[in-house]
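Comments concern the structure below.
Start at 1 and go down the list; that is how both ligands and their atoms are numbered. Heavy-atom basis, side chains included; hydrogens, waters and symmetry copies ignored.
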Amino acid sequence: MSLAGAFLTAWIAAGQQARRIGDADLRNAGKTGGEWLTYGLNYNENRFSPLDQINTGNISRLGLAWSYDVGPGGGSQEATPLVWDGTLYGITNWSVVFAVDVRTGKEKWRWDPEVNQTAVRPKICCGIVNRGLALYESLIIAPTIDGRLEALDAGTGKVVWEARVEYPQDNYTLTMAPRIVKGKVIIGVSGSEYPVRGFFDAYDAQTGRRAWRFYTVPGDPSKPFENEAMRKAAATWESDFWKLGGGGTVWDGMAYDAEANLLYVGTGNAGPWPEDLRKQTGKANLYVCSIVAVNPDTGVLQWYYQVVPADVWDYDSVQQMILADLTIRGRQRKVLMQANKDGFYYVIDRISGEFISGQPFAEVTWAKGLDEKTGLPIVNQEAHYGKDSKVTLAPGPGGAHNWSPMSFNPNTGLVYIPTASASSFTFQSDPNFNYRPGRMNMGIVFGGFGQQPASPATSVPTRPSPPAIGPTPPEGQRGGALVAWDPVTQKERWRRPGGGSIGGGTVTTAGNLVLQVVPDGRLIAYSADKGDKLLEVQTGLRGGMGPPITYLLDGKQYVSVMGGTGPVTNPFGGGAGENRGGANRGGANTGTTAPGTAGAAEPNTPGGNAPPLPNANNAVLPKLLTFVLDGKEPLPVAGTPATPPR
Ligand code: CA
């Protein structure tokens, strides 16, 4: 090689090493479809890939390129992997981070945070899960379920810095994927079924130093308010609420409008669930069940939209938020959209927080509808349950839509929502409720769920359920469905059975495709415009599924998905197959819930008719599967021998 050639080679090598992900890369993330740099593919969080190599004409040729064993499991693989520079970065349910060469499927490195599983397990309300990572400069930012934030060198997996977000001893866990905004790592905490005060934080991505914290609910009133937002919120709470934490945890949805410099964050339910036990009757309880917009530089609140004031139904409003520019009633609108747990599809103005429209996308009985002007729910009187009466309502706490990613295709104008069509739950305040520090304190009656011995169902009158609004699922399809929703007209365009609010998810592409992973392990492709089924593959993982992603390398479009639970230890301490409140549950979510409550995100599904938790004999060990056109590798079959958990 000539000297000049050697210089060139060295220069190229240095250039490759020097390639880093900066703010501009994140603002442009997802525009080419080549990489997957942030949780929702881009700041709009729409999971729309402009790739069309795989399309309606050839998707039937999709086959496995390679698979990778991600570890022993012990929970669902809910994470969205990231892809950068030929490497796929993933994280397992116990927060083990790995890097795999996309071309070969070979592991580059693996890093285990060595979570003290025995100590942490009792503090995990709703499944030992992790939904993903973030990427900045040459760092992989990984949250661990026990409350740490780790920055790893993307090339080697070595720890560069570590920050402490919270402690499991304080009843918090981390399950959401962090996002990066202007050099800051944004992350919130899980755990509103425990006595916690919700918050989200920003950390300097270079150093791990905390830049700011935004509490979502006020604290001890004898201490000064942290900010003006807390002063305002405190007026919407009563008595000694703060001793029970308040709730409002932040465990899933975030989005960012770079032009407006607004960071959007969804907040969870208040705790305990019933307002009589919170002693908050009639109080809005800001900022629970809300979408808050903050300045990401300062963490100062710019506006809020409380989706469910005075929530008593566990309608966390943390679901994915998709940003889009839509023409609504002849007017160009910059919107933020959310398919809320509460069953309504919300379209709001993302600059002002003003309500634009909202309609039920699933069966809803708790409310008659939304006020056309304010978007406030018109709550049915019967939906206010207490100690002396119970009522079955839809949706239940698992929600009409939970964490499973939806996607928005600007070419079809449709949003693809993995939804529980007819989720329901019977609510009653626990007449024997006693606050128990360090434990779950939901304060409702159900059989066998939670850390405390459940109160037996008492013979109180059952109120008749209010009449249902929203699309009535076809006969035999009351379980999960993929619903194609037009956010402009607020109407369903098509629906297909399968899937649901917990597990799996979607990605949509310029190839006129929707790829859906169904919680039972199937990968299904539909045409995005009409919903024609073009492909169905049973991956063999059969549960604990994450959402699909797609990307392009060396001119080849790939599709990757993680799934499989491995042997699961019931985090609630009950035996496998225990009926976790099934009698209470109206049978709704069945078939949409990944194995047991361990498959759930947060809140979920105290309940019902869930399949037995996988044990060492029937569990499929978690895998990452990567598909490509004309892929010829055999699928790792169902029934892969499992090894006992660590
Ligand atoms: Ca919840």
Side-chain angles (χ1 to χ4, degrees), residues 76 78 123-129 131 145 171-176 188-200 216-217 241 244-253 265-275 277-278 280 285 287-292 306-320 338-343 366 385 393-404 420 423-425 427 429-430 439-446 449-452 501-502 571-572 580-581 584-585 589 593 597-608:
S76 298
E78 296 187 350
K123 297 295 187 177
I124 300 170
C125 92
C126 310
I128 301 155
V129 297
R131 278 179 294 280
I145 195 160
N171 310 309
Y172 295 107
T173 47
L174 298 182
T175 62
M176 70 171 287
V189 289
S190 303
S192 281
E193 275 63 48
Y194 287 84
V196 296
R197 185 183 181 198
F199 65 84
F200 57 96
T216 59
V217 295
F241 67 88
L244 305 181
T249 49
V250 173
W251 54 270
D252 191 29
V265 178
T267 71
N269 61 282
W273 292 1
E275 60 191 339
L277 297 183
R278 287 205 303 275
Q280 298 293 317
N285 292 168
Y287 300 92
V288 303
C289 298
S290 298
I291 294 165
V292 297
Q306 192 174 37
V307 187
V308 190
D311 165 61
V312 296
W313 310 279
D314 190 35
Y315 291 153
D316 298 77
S317 298
V318 302
Q319 291 74 43
Q320 177 182 357
Q338 186 183 57
N340 194 280
K341 247 186 170 186
D342 74 2
W366 70 282
Y385 60 95
L393 297 169
H401 172 231
N402 201 294
W403 67 266
S404 309
S423 145
S424 66
F425 184 80
F427 292 91
S429 301
D430 185 349
R439 303 292 190 89
M440 285 211 255
N441 284 276
M442 286 172 287
I444 54 167
V445 172
F446 19 19
F449 181 71
Q451 299 276 315
Q452 47 187 301
S501 56
I502 296 160
F572 305 101
R580 288 172 295 277
N584 232 348
R585 253 193 88 221
N589 261 339
T593 310
T597 28
E602 179 145 345
N604 298 305
T605 0

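- Residue Glu193 approaches the Ca ion (ligand 1) most closely through its N/O/S atom OE2.
- Taking CD of Glu193 as the start and CD1 of Ile124 as the end, the distance is 13.5 Å to the nearest 0.5 Å.
- Checking Asn269, Val307, Asp252, Val292 one by one against Ser317, the side-chain contact (heavy atoms from CB on, under 4.5 Å) holds for a single residue, Val307.
- When you scan the N, O or S atoms of Asp314 for the one nearest the Ca ion (ligand 1), you land on OD1.
- Because the distance cut-off is set at 3.0 Å, Asn269 qualifies as a neighbour of the Ca ion (ligand 1) through one of its N, O or S atoms.
- For Asp316, the N, O or S atom with the smallest separation from the Ca ion (ligand 1) is OD1.
- A distance of 4.0 Å separates CZ in Phe425 from CD1 in Ile444, rounded to the nearest 0.5 Å.
- Under the rule for a side-chain hydrogen bond (donor to acceptor under 3.5 Å, both in side chains), the partners of Gln338 that lie at least two apart in sequence or sit in another chain are Asn340.
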